[in-house]
Amino acid sequence: METDDEDCSVVGVSEDDVLSLEHDAAPRTNANDIAITANGRRRRKRGEDDMECSGRRKGGRAGSKIFSESVTRPKERGPDGTIDPVNTPVARVRFAPSPTGYLHIGGARTALFNWLFARQQGGEFVLRIEDTDAERSRPELIDIIFRSLEWLGLDWDGTPVHQSERGAMHLAAVEKLLANGSAYWCSCAPDEVKARAEARGGTPGYDGFCRDRALGPGDGHVVRFRVPDTGITAFDDLIRGTVSFENAVLEDFVILRSNGTPMFHLANAVDDADQGITHVIRGEDLINVTPKVLLIRKALSTPGELIFAHLPLIVNEKRQKLSKRRDDVSVGDYIDRGYLSEAMVNYLATLGWGPPDDIEIRPLAEIVDLFRITDVNKSGAFFDVKKLQHFNGEYIRNLSITQFVSKSTRWLYEDTPWETDRFDIGTFEVMAPLVQERVKLLSEVPSYVDFLFTPEPVIDDESWQKVMVKGAELADAVLDHAIAQFADCDWNAASLEAALFSYAEQHEISKGKVQAPVRVSVTGRSVGPPLFESLEVLGRDETLRRIASAKVRLQG
RNA sequence: GCCCCCAUCGUCCAGCGGCCUAGGACGCCUGCCUUUCACGCAGGUAACACGGGUUCGAAUCCCGUUGGGGGUACCA
């Protein structure tokens with residue numbers, strides 16, 4: 001089939017949004033020119049306005065604007081905007097996971113880009129569970145996938161459709177294809193197909209053996225689609241331009257299994273049509289199945305045309321597609337490690353796309369506004385956990401104390417280094433602000449406050465070695481000084497600081513060196529929250545007890 | 001093998017024929033701030049894969065090479 005390369009300009013992309021880039025900046029109108037490149041892709045031209053935007057980044061954290069207000073955005077499109085309110089159908093996209101595993105990073109990104117596109121277009125984002133393969137589908141995973149999407153904040157429209165429940169419709173389509181000659185029954189067993197392929201020279205693929213045998217249904221029979229021998233099947237991709245395949249290289253693929261269930265291509269083509277899907281946004285790993293789906297649609301006389309956008313793959317350090325098996329990519333695992341969904345979604349949005357003003361960390365509402373599917377990259381993107389962590393740290397620091405405490409809850413009560421009944425939320429709340437600005441992951445929270453809730457500090461060997469053993473002489477002297485001073489000074493951070501650092505002044509030693517032995521004695525580690533606040537919270541008796549105990553240990 | 005896709009700092013993104021002595025972010029390094037750590041601040045490091053065209057002019061357009069990835073199932 002020859003797909004007339006129709007315009008992809010049905011895609012509505014608002015180019016006249018009013019942005020408010022900083023709280024104190026007056027809203028400005030951004031009128032950007034549209035240019036259509038040779039291959040039909042819409043590109044956005046940067047105007048002077050944009051230069052002005054990027055220069056408006058001083059003050060505040062560079063590249064970060066979590067605090068900013070969400071943008072105001074007029075719903076109506078400009079006179080020469082891309083949405084024709086009368087003739088353009090509402091964009092309707094779908095995320096179609098198959099429940100063969102947890103939602104992983106790649107799936108999350110695909111869902112996100114679909115969601116971004118739908119929300120920006122004022123269209124719909126629907127879910128379809130592609131569970132036609134009963135062997136591999138695990139129903140219990142469906143709910144986990146939903147919950148992961150909810151965690152990410154990607155809300156969907158309507159009720160998710162389960163492909164497995166639409167068998168009748170798929171079968172009807174197969175009947176139709178059989179009836180109009182676009183498909184035929186085949187009795188070749190997989191190993192027969194393979195054997196013949198090897199025999200004729202190693203080129204894999206089905207040889208069309210049963211094409212004209214006029215077989216009917218039967219045990220072990222499948223239905224294959226009759227791919228045209230000539231011609232090309234092409235489609236326009238919003239990200240890649242025109243992609244075309246010669247029909248001759250496509251084999252007659254199976255559309256109905258011998259157990260009577262439909263294959264992915266068939267169900268996919270039928271359901272997209274039935275659900276009124278307008279745009280298919282998915283990973284590039286599916287680009288090769290597109291001609292098959294297109295061929296089926298044509299043979300079924302499906303009206304309308306799908307618009308595709310194949311996203312670049314997210315890859316691992318070896319530049320391979322993320323795999324559930326070898327890579328650590330389950331969204332659930334990231335939740336468990338203390339990533340904030342806002343940070344995850346924000347980071348995912350920067351994989352394959354970047355905002356025109358280079359400000360990467362920003363509220364989702366702004367990303368919805370700025371996102372252009374046509375500006376998505378073509379090449380694979382490495383999932384950089386380091387950068388994700390940086391985003392996460394930014395988001396954590398921008399939480400209110402209340403939010404921080406609340407989001408830390410599960411790390412305070414589950415699998416903690418302390419006995420639950422020794423934990424005191426009030427005590428934690430005092431320390432919270434000091435912890436919040438130091439962690440990149442919520443899972444790190446316990447290590448900053450554990451010394452307050454365990455009977456004894458958990459001694460970190462490396463810290464002990466460095467401060468107490470190698471610096472034994474100083475440590476001993478400082479500890480003696482601390483014991484003497486702390487015995488009767490006022491018990492607050494300021495007094496404690498003055499009391500301890502008087503040693504630093506007397507002996508002309510840096511404060512850093514002086515505080516170290518006390519820190520290790522009391523908290524077990526050489527790093528942690530500010531020392532004097534920590535001591536104030538711990539209390540005089542326990543502080544003195546730990547210092548004395550450390551001295552004993554130092555001796556022994 | 002065959003088909004498809006891709007190619008700018010280590011990584012992510014910007015670049016849309018002159019504004020590029022290639023910009024931002026993460027990372028890394030240096031310094032400042034500082035009771036540790038972290039934050040913050042000021043710097044630094046570092047890239048147009050290669051070869052041909054087209055053009056007055058190419059990171060940007062075209063072709064090829066090389067490299068990488070994806071697909072090649074009665075998975076999706």
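Each chain gets a letter, A, B and so on, in the order its sequence line appears, and its residues count up from 1.
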Inset, instruction - Remember a base hit wins even if backbone is also touched, and classify A/Val289 as base, sugar-phosphate or nothing at under 4.0 Å, heavy atoms. - result: base
Inset, instruction - Have a look at A/Glu130 and say if it touches a base, only the backbone sugar-phosphate, or nothing, with a 4.0 Å heavy-atom cut-off. - result: sugar-phosphate
Legend entry - Shortest non-hydrogen separation from A/Ala493 to A/Glu533 and the atoms involved: CB-N, 4.0 Å
Inset, instruction - Quick one: label A/Phe532 by what it contacts on the DNA or RNA (base, sugar-phosphate, nothing), any heavy atom closer than 4.0 Å. - result: base
Legend entry - Heavy-atom donor-acceptor pair, A/Glu444 side chain to A/Lys440 backbone, under 3.5 Å: yes
Inset, instruction - Determine the Euclidean distance between corresponding P atoms of B/C39 and B/G1; express it in Å to zero decimal places. - result: 48 Å
Legend entry - Touch class at under 4.0 angstrom, heavy-atom based, for A/Ser258 against every strand present: base
Legend entry - Nucleotide forming a Watson-Crick or wobble pair with B/A47, both distances under 3.5 Å: none
Inset, instruction - Answer yes or no for A/Arg438 and A/Tyr448: cation-pi contact, defined as NZ/CZ to six-membered ring centre under 6.0 Å and angle to ring axis within 45°. - result: no
Inset, instruction - Could you tell me the separation between the CE atom of A/Met431 and the P atom of B/A38, rounded to a whole number of Å? - result: 17 Å
Legend entry - Value in whole Å for how far the C1' atom of B/C75 lies from CG of A/Asp285: 12 Å
Inset, instruction - Under 4.0 Å between any heavy atoms, over every strand shown, what does A/Thr132 touch: base, sugar-phosphate, or nothing? Just pick one. - result: sugar-phosphate
Legend entry - Any donor-acceptor N/O pair under 3.5 Å between B/C39 base and A/Arg397 side chain: no
Inset, instruction - Show the numbers, then the answer: is there a salt bridge (Lys or Arg N to Asp or Glu O under 4.0 Å) between A/Asp327 and A/Lys318? - result: CA-CA 11 Å; A/Asp327 301 306; A/Lys318 291 159 131 175; over 6 Å; no
Legend entry - Mate of B/U60 where both pairing distances stay under 3.5 Å, Watson-Crick or G-U: none
Legend entry - Partner nucleotide, any strand, of B/G1 [Watson-Crick/G-U, under 3.5 Å]: B/U72
Legend entry - B/A14 versus B/U34 - spacing of their P atoms, nearest Å: 40 Å
Legend entry - Check: A/Asn268 side chain, A/Phe264 main-chain N or O, donor-acceptor pair, under 3.5 Å: no
Inset, instruction - Please state how far atom CZ in A/Arg319 lies from atom P in B/C6, giving the value in whole angstrom units. - result: 15 Å
Inset, instruction - For nucleotides B/C48 and B/C20, find the distance between their C1' atoms and express it as a whole number of Å. - result: 10 Å
Inset, instruction - Classify the nucleic acid contact of A/Phe245 as base, sugar-phosphate or nothing, counting any heavy atom under 4.0 Å across all strands shown. - result: sugar-phosphate
Inset, instruction - Nearest whole angstrom, please: distance from the C1' of B/C75 to the CZ of A/Arg325. - result: 13 Å
Inset, instruction - Check the side chains of A/Arg128 and A/Gln275 for a donor-acceptor pair under 3.5 angstrom, ignoring hydrogens and angles. - result: yes
Inset, instruction - Under 4.0 Å between any heavy atoms, over every strand shown, what does A/Glu533 touch: base, sugar-phosphate, or nothing? Just pick one. - result: base
Inset, instruction - Please report, rounded to the nearest Å, how far the C1' atom of B/G69 is from the NE2 atom of A/His310. - result: 15 Å
Inset, instruction - Determine the contact category for A/Arg224: base if any of its heavy atoms lies under 4.0 Å from a base atom, sugar-phosphate if only primed atoms, P, OP1 or OP2 are that close, otherwise nothing. - result: sugar-phosphate
Inset, instruction - In whole angstrom, give the distance that lies between atom CG of A/Leu351 and atom P of B/C13. - result: 6 Å
Legend entry - A/Lys387 NZ to B/U11 P, straight-line distance once rounded to whole Å: 12 Å
Inset, instruction - Determine the Euclidean distance between corresponding P atoms of B/A47 and B/U11; express it in Å to zero decimal places. - result: 12 Å
Legend entry - Short side-chain N/O contact from A/Asn377 to OP1 or OP2 of B/A7, under 4.0 Å: no
Inset, instruction - Both distances under 3.5 Å, Watson-Crick or G-U wobble: report the partner of B/U36, or none. - result: none
Inset, instruction - Quick one: label A/Gly393 by what it contacts on the DNA or RNA (base, sugar-phosphate, nothing), any heavy atom closer than 4.0 Å. - result: nothing
Legend entry - Touch class at under 4.0 angstrom, heavy-atom based, for A/Leu531 against every strand present: base
Inset, instruction - With a 3.5 angstrom cut-off on both distances, give the Watson-Crick or G-U wobble partner of B/G10, or none if there isn't one. - result: B/C26
Inset, instruction - Give A/Gly528 one of three labels, base, sugar-phosphate or nothing, depending on what nucleic acid heavy atoms sit under 4.0 Å from its own. - result: base
Inset, instruction - Under 4.0 Å between any heavy atoms, over every strand shown, what does A/Ser244 touch: base, sugar-phosphate, or nothing? Just pick one. - result: sugar-phosphate
Inset, instruction - Rounded to whole angstrom, note down the C1' distance from B/C16 over to B/A59. - result: 11 Å
Inset, instruction - Considering only atom P, compute the distance from B/G40 to B/A49 and round it to an integer number of Å. - result: 33 Å
Inset, instruction - For A/Ala516, answer base if it contacts any base atom (sugar-phosphate contacts may also be present), sugar-phosphate if it contacts only those atoms, and nothing otherwise; contact means non-hydrogen atoms under 4.0 Å. - result: nothing
Inset, instruction - Would you classify A/Leu286 as touching base, sugar-phosphate or nothing, given that sugar-phosphate means primed atoms plus P, OP1 and OP2, and contacts are heavy atoms under 4.0 Å? - result: base
Legend entry - Electrostatic pair A/Asp237-A/Lys378, nearest N-O below 4.0 angstrom: no
Inset, instruction - Whole angstrom is fine here: how far is it from CG in A/Leu434 over to P in B/G40? - result: 17 Å
Inset, instruction - Establish whether the base of B/C5 is bridged to the side chain of A/Arg240 by a donor-acceptor pair shorter than 3.5 Å. - result: no
Inset, instruction - Take atom P in B/U60 and the same atom in B/A22, then report the distance between them in whole Å. - result: 16 Å
Inset, instruction - Would you tell me whether A/Thr261 and A/Asn259 have side-chain atoms, one donor and one acceptor, within less than 3.5 Å of each other? - result: yes
Legend entry - Separation between the C1' atoms of B/G23 and B/C19, rounded to whole Å: 12 Å
